[in-house]
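Structure record follows, encoded as structure tokens.
This structure is a prediction, so every number in the text was calculated from the model and none was measured. Letters A, B, ... are given to chains in the order of the sequence lines, protein chains preceding strands, and every chain is numbered from 1.
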Amino acid sequence: MPPRSAFRGARPHIHGGGAVSRGPVSAAGGSIDSVLFHDVAVTSAGVAATRSRLAKRELLAAALRAAAHGGMTGGDATADGAAAGEGMAGGAATGGATTGGPGSDDGRAGEEVDVVATFLSGRVRQRRTGVGWRSLTSLPAPASAPTLTPLDVDAALQTMADAEGPGSAAVRGEAVRRLFAAATQDEQTFLRGLIVGELRQGALDSLLLDAVAAAADVPLAAVRRAAMFSAPSGPIARAALTGGAAALAAFRLEPGRPVRPMLASPAPDVAAALAGIGGPVAVEAKIDGIRVQLHKHGNDVAVYTRSLDDVTERLPELVALLRSLPVATAVLDGEAIALGADGRPLAFQDTAARTGSHDADATGRVPLTAFLFDALHLAGRDLVDAPESERFAALERVAPPSALVRRIVTADPDEATAFFAEVLASGHEGVVVKDLAAPYDAGRRGGAWVKVKPRHTLDLVVLAVERGSGRRSGWLSNIHLGARVPGAGPDSADGWVMLGKTFKGMSDEMLAWQTARFTELADGPADGWVVRVRPEQVVEIAFDGVQRSTRYPGGVALRFARVLRYRDDKPAAEADTIDAVRAIAGGNASGG
DNA sequence: TTCCGACAGTGGGGTCGCAAT
DNA sequence: ATTGCGACCCCACTATCGGAA
């Protein structure tokens, strides 16, 4: 299926799955040559059962080959050819919305490869189904024999996704019931993982792309390259397996089609970030807003989030900025944030609420500011492979200075560190250090971009622990963190106020230790999901900041808390107080 | 009719272990 | 030795549905 154009005014996308007119669970109608959904579930279980990435890749590749082969010999194109044609949306406005490869002839096999690949990457094709963990708590008895095809499952999910308005919950519920009643035990388990997004097979999108390359016998680089320009991987698999390298080459940068954003790796400090790259680097302010990708093609403009959701309607400020640019075509990368009247950043919560709201009033009340930092395409020229310095220079030529992120170029760690301090003083989050020579590595988190943020620490007390799951089964994992409230307890003893939880920063050794320790400290039954403990164990916690909270009684919560170490040298009576926490909240920009 | 609780799905994320290179 | 990936789950927020008030 061709990647869709999401420009406003493009013709509505016809969902390929919708063109399969059979009922959600009418498995009997499936071509006898189709793979069964059961085969996909079995593949997933096999992938989960091995730790070898190469073995996982081979299992995934075999399933993809089977999907491509089985469907093709079936020769039953149904209505898919027509659907693919309809999908070529946009006409002149986007021109290239059709470049998803020559996929119009691959018919049912192509569709099946798309769906199977999507499932094996732990996803479903529907952006939202409206069905989550809670809706799957009571399920019908499993079927005794497998009959479902992958396309049956996709169609059932589409039914759930399409339900809206009064009565939609019942429609979804019925679709869930019918689908799960037609699924075997193995299939039910797999389906649940897919729908709630917790497949836990040790393979997601990256490994799937690896398998696509193996299955189609094309270079991995070609697959990854194509994937840069397609948000979902299903169409990549489809193109590779039915059209080979030539079909993959048709996925390319196109204004109007979102690109997977390049990501940054963390570093503890600026000096380490510079050392990791070597030579002169760009040091940019890191803006604590939401990532935005701006597309312009003549009068058509679009804005996408990091997950490539189209948020054009909600961000008119960015639309206006795009329209004002003195170029006909552009694909730009940046961050959008809500600033106060003094020009300092508001709390991240304010930016998130503003960008998440469809309410026009909110739009007026909390204006957004864009800080651009990259250009992937400008005035007909693709820049993804150009060095960072060149891309930024191109951006500077077209963007107003007020819409550019603050940045310096230096090889001097002291200068970079001074800039870091300056950025923090202006209220922003930190810096991103960039390799000037690196191309835009879409969708990867490599070493070419390195982010540095300041780190707060507090000594807090563990109030409770939760049981771990997955590879942490059998361990006590997620700890509840409390700050001291002097004199608030019975008989003027210290009291404790919870600030949040964390499961991060724990090595296996630490998990083993804390499991024993908190079993010992258990205050009441130790067999529940949450084990309350006597507030005696002090833990040193690192975190990014303090945010306002309606969930916790102190009215504050820690952002991105993680464990540094347990402190046996410090009694609970000397743990940090809630006042110390509030002082941190007052001292940063998000104190509002 | 309006209100409110529960659920789903966004946005922002750090650190560890392990396989493969 | 280094790198990339997936797993582990956190926070706040908005939208939506459906039942309670």
Side-chain angles (χ1 to χ4, degrees), chain A residues 47-48 50-57 121-122 126-135 137 160 163-172 195-210 263-266 268 276 287-292 305-307 309 311 314 335-337 347-359 362 429 444-447 451 453 455 466 468-473 475 477-481 499-511 542-552 556-564 590:
Chain A
V47 168
T50 175
R51 287 203 303 213
S52 161
R53 305 173 73 82
L54 296 176
K56 287 177 193 281
R57 184 182 73 190
S121 74
Q126 293 69 23
R127 182 156 199 116
R128 86 178 270 289
T129 59
V131 176
W133 180 84
R134 199 59 207 267
S135 307
T137 44
M160 299 172 204
E164 59 176 319
S168 59
V171 172
R172 279 199 196 96
I195 291 174
V196 304
E198 293 181 349
L199 197 53
R200 295 171 175 169
Q201 63 177 9
L204 293 171
D205 204 55
S206 282
L207 205 43
L208 176 90
L209 292 177
D210 215 348
L263 307 173
S265 309
I287 310 295
D288 189 16
I290 69 156
R291 188 79 174 265
V292 284
T305 63
R306 177 181 150 166
S307 69
D309 198 9
V311 290
R314 285 181 257 163
E335 194 89 7
I337 186 171
F348 173 74
Q349 291 160 288
D350 297 315
T351 293
R354 160 67 172 83
T355 56
S357 173
H358 292 79
D359 179 2
E429 190 186 14
R444 316 293 303 284
R445 193 185 294 278
K451 56 182 167 185
K453 297 190 281 186
R455 197 185 73 172
E466 296 178 19
S469 57
R471 77 176 293 279
R472 293 193 181 185
S473 293
W475 275 328
S477 175
N478 197 4
I479 57 177
H480 296 198
L481 305 168
L499 296 175
K501 312 177 193 177
T502 185
F503 58 92
K504 293 173 181 149
M506 297 159 181
S507 63
D508 286 2
E509 188 187 8
M510 217 182 257
L511 284 161
F543 59 101
D544 278 18
V546 176
Q547 55 194 336
R548 61 177 188 261
S549 172
T550 55
R551 173 181 309 223
Y552 292 108
V556 287
L558 303 183
R559 192 163 179 217
F560 310 141
R562 59 268 188 191
V563 172
L564 292 180
S590 57

Span of DNA chain B engaged by chain A, first through last nucleotide within the 4.0 Å heavy-atom cut-off, is B:dC7 to B:dA20
To the nearest angstrom, the CZ-C1' distance between A:F348 and C:dC11 comes to 10 Å
Cationic N near anionic O, under 4.0 Å, A:R559 to A:D288
yes
* Asked: Distance between the P atoms of B:dG11 and C:dC8, in whole angstroms?
  -> 22 Å
To the nearest 0.5 Å, atom CG of A:L499 lies from atom CG of A:L481 at 7.0 Å
By salt bridge (Lys or Arg N to Asp or Glu O under 4.0 Å), A:E429 pairs with (sequence neighbours left out) A:K286, A:K453
Contacts of A:R291 meeting salt bridge (Lys or Arg N to Asp or Glu O under 4.0 Å) (sequence neighbours excluded), chain-then-number -> A:D333
Is A:V131 touching bases, backbone alone, or none of the nucleic acid, heavy atoms closer than 4.0 Å? sugar-phosphate
By nearest-heavy-atom nucleotide on DNA chain C, the more 5' of A:L499 and A:Q201 is A:Q201
Pairs under 3.5 angstrom only: tabulate donor-acceptor contacts from the side chains of residues 127-134 of chain A to other protein residues two or more places apart or in another chain.
| residue | atom | partner | partner atom | Å |
| --- | --- | --- | --- | --- |
| A:R127 | NH2 | A:S307 | OG | 2.9 |
| A:T129 | OG1 | A:V131 | N | 3.1 |
| A:T129 | OG1 | A:V131 | O | 3.3 |

Atom CZ of A:R51 and atom P of C:dG4 are separated, to the nearest Å, by 21 Å
* With respect to the phosphate group of C:dC10, does any side-chain polar atom (N or O) of A:N478 fall under 4.0 Å of OP1 or OP2? -> yes
Whole-Å distance, A:D544 CG to C:dC10 P, equals 17 Å
| message | Mind checking if A:T355 touches a base, just sugar-phosphate, or nothing, with heavy atoms under 4.0 Å? | response | nothing
*Describe the nucleic acid contact of A:A561 in one word from base, sugar-phosphate, nothing, applying a heavy-atom distance below 4.0 Å.*
nothing
Does OP1 or OP2 of C:dC10 have a side-chain N or O of A:K501 closer than 4.0 Å?
-> yes
Rounded to whole Å, the CZ-C1' distance (A:R471 to C:dG6) equals 11 Å
To the nearest angstrom, the CD-P distance between A:E198 and C:dC9 comes to 9 Å
*Any chance you could lay out the side chain to side chain contact (heavy atoms under 4.5 Å, CB included) test for A:V556 and A:S549, step after step, and finish with the verdict?*
CA-CA 5 Å; A:V556 287; A:S549 172; 5.5 Å; no
Dot-bracket assigned to DNA chain B with the 3.5 Å Watson-Crick/G-U criterion, [ ] for crossing and | for other-strand pairs, is ||||||.|||||.||||||||
Once base and sugar-phosphate atoms are separated, protein heavy atoms under 4.0 Å mark nucleotides 12-18 of chain C, 5' to 3', with B, S and - as SSSS-SS
With sequence neighbours left out, the residues meeting side-chain hydrogen bond (donor to acceptor under 3.5 Å, both in side chains) with A:D508 are A:R471
Those residues at least two apart in sequence (or on a different chain) that pass salt bridge (Lys or Arg N to Asp or Glu O under 4.0 Å) with A:R455 are none
Taken in chain and number order and not counting sequence neighbours, the residues that satisfy salt bridge (Lys or Arg N to Asp or Glu O under 4.0 Å) with A:R562 are A:D544
note: A:R472, atom CZ; C:dA7, atom P; distance rounded to Å ~ 13 Å
Taken to the nearest whole Å, CG/A:L208 to C1'/C:dG4 is 16 Å
Residues passing the side-chain hydrogen bond (donor to acceptor under 3.5 Å, both in side chains) test with A:K501, sequence neighbours excluded, are A:E466
Please classify the nucleic acid contact of A:T351 as base, sugar-phosphate, or nothing, using heavy-atom distances under 4.0 Å. nothing
message = Measuring to OP1 and OP2 of C:dC5, would you say a side-chain N or O of A:S206 lies under 4.0 angstrom away?
response = yes
Across all chains, not counting sequence neighbours, the side-chain hydrogen bond (donor to acceptor under 3.5 Å, both in side chains) partners of A:T502 are none
When rounded to whole Å, the CZ to P distance for the pair A:R562 and C:dC11 reads 15 Å
By side-chain contact (heavy atoms from CB on, under 4.5 Å), A:E164 pairs with (sequence neighbours left out) none
